Amino acid sequence: VISVAIGVIFTIRVGGADMPVAISFFNATAGFAAAFCGIALSNYLLIGCGACVAASGSLLTIVMCRAINRSLLGVFSGIRPSVAGVVEPPKEWVSLEAGGTEVSPFDRAIAILKRAKDIIIAPGYGMALSQAQEQVHTLANWLEQRGARVRYAVHPVAGRMPGHMNVLLAEVGVGYDELFEMQAINDDFRKADLAIVIGACDVVNPAASTRPDTPISGMPILKAHEANAVIVLNFDEKPGFSGVDNPLYGMKHVIPVWGDAKVNLNALLSSLQE
């Protein structure tokens with residue numbers, strides 16, 4: 001009962017977008033606990049293993065806090081930084097209209113995929129949930145065979161655990177040289193022909209920069225909204241773990257293709273390969 005109470009007290013105010021930090025912190029404390037048990041039992045192996053887990057978990061927690069612009073105290077207290085000023089998205093976008101004729105989002109997605117040459121893919125937890133990583137890699141291969149440049153932008157807290165997206169993509173054969181951390185690739189979105197968001201919401205939510213006093217205010221995001229065009233392959237338009245509506249979905253250069261990412265990617269691949 002005491003353990004449950006302590007767990008609730010520590011995590012009740014942690015927002016969904018910050019939860020990976022809490023998980024990393026508790027991993028570190030588990031390492032400390034193991035090391036102290038080793039000291040009590042005079043077991044040097046337990047001390048060494050516990051210390052390694054404690055050290056790696058602590059370093060990871062610090063890195064993740066910096067990546068999402070939070071202090072550890074701020075994560076557990078629920079205190080969020082205010083947003084200084086409003087960041088406006090670019091004013092000019094490529095025209096996605098087809099001679100004034102109304103086109104379905106699916107057909108618009110097909111059209112832009114065929115002509116895009118510089119593409120950045122932003123994966124999120126929804127990709128893991130639908131197990132669509134194999135289809136993502138197949139789409140990237142198809143695009144590369146047509147001469148396009150494809151890169152993956154990985155946010156530090158995309159997914160349920162640190163490194164979640166990296167592991168999933170590496171498992172299906174995506175090279176490590178194609179995976180880019182947020183700081184390394186964020187400035188390239190503005191120059192990209194196309195950003196493909198797959199199952200990600202909070203980590204690409206412009207509200208983090210434009211709306212004060214939200215659970216993600218001040219959190220650095222992947223600037224997918226700055227790409228010339230954006231395809232969103234999310235299950236629906238509901239908010240992510242943070243509960244903050246995503247204005248990305250309503251921008252005029254964004255093509256939302258709602259539904260299961262795996263199903264929609266298979267349909268896109270079928271149409272493209274025809």
Side-chain angles (χ1 to χ4, degrees), residues 10-26 60-90 120-129 152-166 180-187 189-190 195-227 230 232-251 254 256 258:
F10 263 95
T11 58
I12 193 68
R13 292 179 297 276
V14 178
D18 298 337
M19 190 54 72
V21 178
I23 294 171
S24 177
F25 175 77
F26 288 135
L60 184 58
T61 301
I62 292 169
V63 170
M64 292 178 67
C65 282
R66 289 176 179 172
I68 64 173
N69 196 28
R70 296 276 195 277
S71 67
L72 188 61
L73 179 61
V75 168
F76 283 104
S77 66
I79 298 173
R80 275 102 187 183
S82 59
V83 177
V86 175
V87 179
E88 294 291 343
I120 301 176
I121 297 174
Y125 179 66
M127 184 190 75
L129 200 61
Y152 298 82
V154 181
H155 194 282
V157 295
R160 287 294 178 91
M161 285 291 291
H164 193 174
M165 298 299 104
N166 303 67
F180 291 83
E181 298 298 326
M182 176 179 62
Q183 295 89 339
I185 201 170
N186 242 357
D187 292 338
F189 275 106
R190 186 178 291 271
I196 306 176
V197 176
I198 304 173
C201 183
D202 291 329
V203 297
V204 295
N205 191 340
S209 302
T210 60
R211 288 179 54 188
D213 303 323
T214 74
I216 58 173
S217 294
M219 182 181 84
I221 60 165
L222 294 172
K223 299 178 181 178
H225 62 282
E226 293 187 352
V230 184
V232 177
L233 293 163
N234 286 0
F235 189 75
D236 53 37
E237 55 187 327
K238 293 179 181 178
F241 294 124
S242 68
V244 180
D245 291 327
N246 195 337
L248 173 72
Y249 303 151
M251 294 181 177
V254 174
W258 306 124

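This one's a predicted model, so the numbers in the text were calculated from it and none came from an experiment. Numbers here are sequence positions counted from 1.
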Discussion item. If the condition is side-chain contact (heavy atoms from CB on, under 4.5 Å), which residues does I185 pass it with, not counting sequence neighbours?
Written reply: I120, R151, A153, F180, D188, F189
Discussion item. Minimum heavy-atom separation for A200 and G124, please, with both atom names.
Written reply: CB-CA, 3.8 Å
Practice prompt. Say whether, by atom type as modelled, one donor and one acceptor occur between the side chain of N186 and the main chain of I221 under 3.5 angstrom.
Written response: yes
Discussion item. Show the nearest heavy-atom pair for residues D202 and M219, with the distance to one decimal.
Written reply: O-CE, 3.6 Å
Practice prompt. Without swapping roles, check the side chain of N205 against the backbone of D245 for a donor-acceptor pair under 3.5 Å.
Written response: yes
Fill in: Which residues share a side-chain contact (heavy atoms from CB on, under 4.5 Å) with P156, sequence neighbours left out
A67, M182
Worksheet item: Heavy atoms, side chains only, cut-off 4.5 Å: are L129 and F235 in contact?
Response: no
Discussion item. According to ring pair (Phe, Tyr, Trp, His ring centres under 6.0 Å), who are the partners of Y152, at least two apart in sequence or on a separate chain?
Written reply: none
Worksheet entry | Minimum heavy-atom distance P206-N246, with the two atoms named | CD-OD1, 3.2 Å
Fill in: Side chain S217, main chain R211, donor-acceptor under 3.5 Å
yes
Item to complete: Please identify each residue that fulfils side-chain hydrogen bond (donor to acceptor under 3.5 Å, both in side chains) with Y249, with sequence neighbours left out.
Response: N234
Worksheet entry | Residue that, paired with I121, satisfies side chain to side chain contact (heavy atoms under 4.5 Å, CB included) out of V154, I198, L233 | I198
Item to complete: Give a yes or no on whether the backbone of P220 and the side-chain of H155 come within a donor-acceptor separation of less than 3.5 Å.
Response: yes
Worksheet item: Between CG of D187 and CD of E226, what distance do you get to the nearest 0.5 Å?
Response: 8.0 Å
Worksheet item: Taking only residues two or more places apart in sequence or in another chain, which ones pass side-chain contact (heavy atoms from CB on, under 4.5 Å) with I23?
Response: M19, N27, M161
Discussion item. Let me confirm one number: the SG-CG distance from C65 to L60, rounded to the nearest 0.5 Å.
Written reply: 9.5 Å
Fill in: Exercise: identify the closest heavy-atom pair between C201 and P239
SG-C, 4.1 Å
Practice prompt. Can you see which heavy atom on P123 is nearest to which on A158, and at what distance?
Written response: O-CB, 3.9 Å
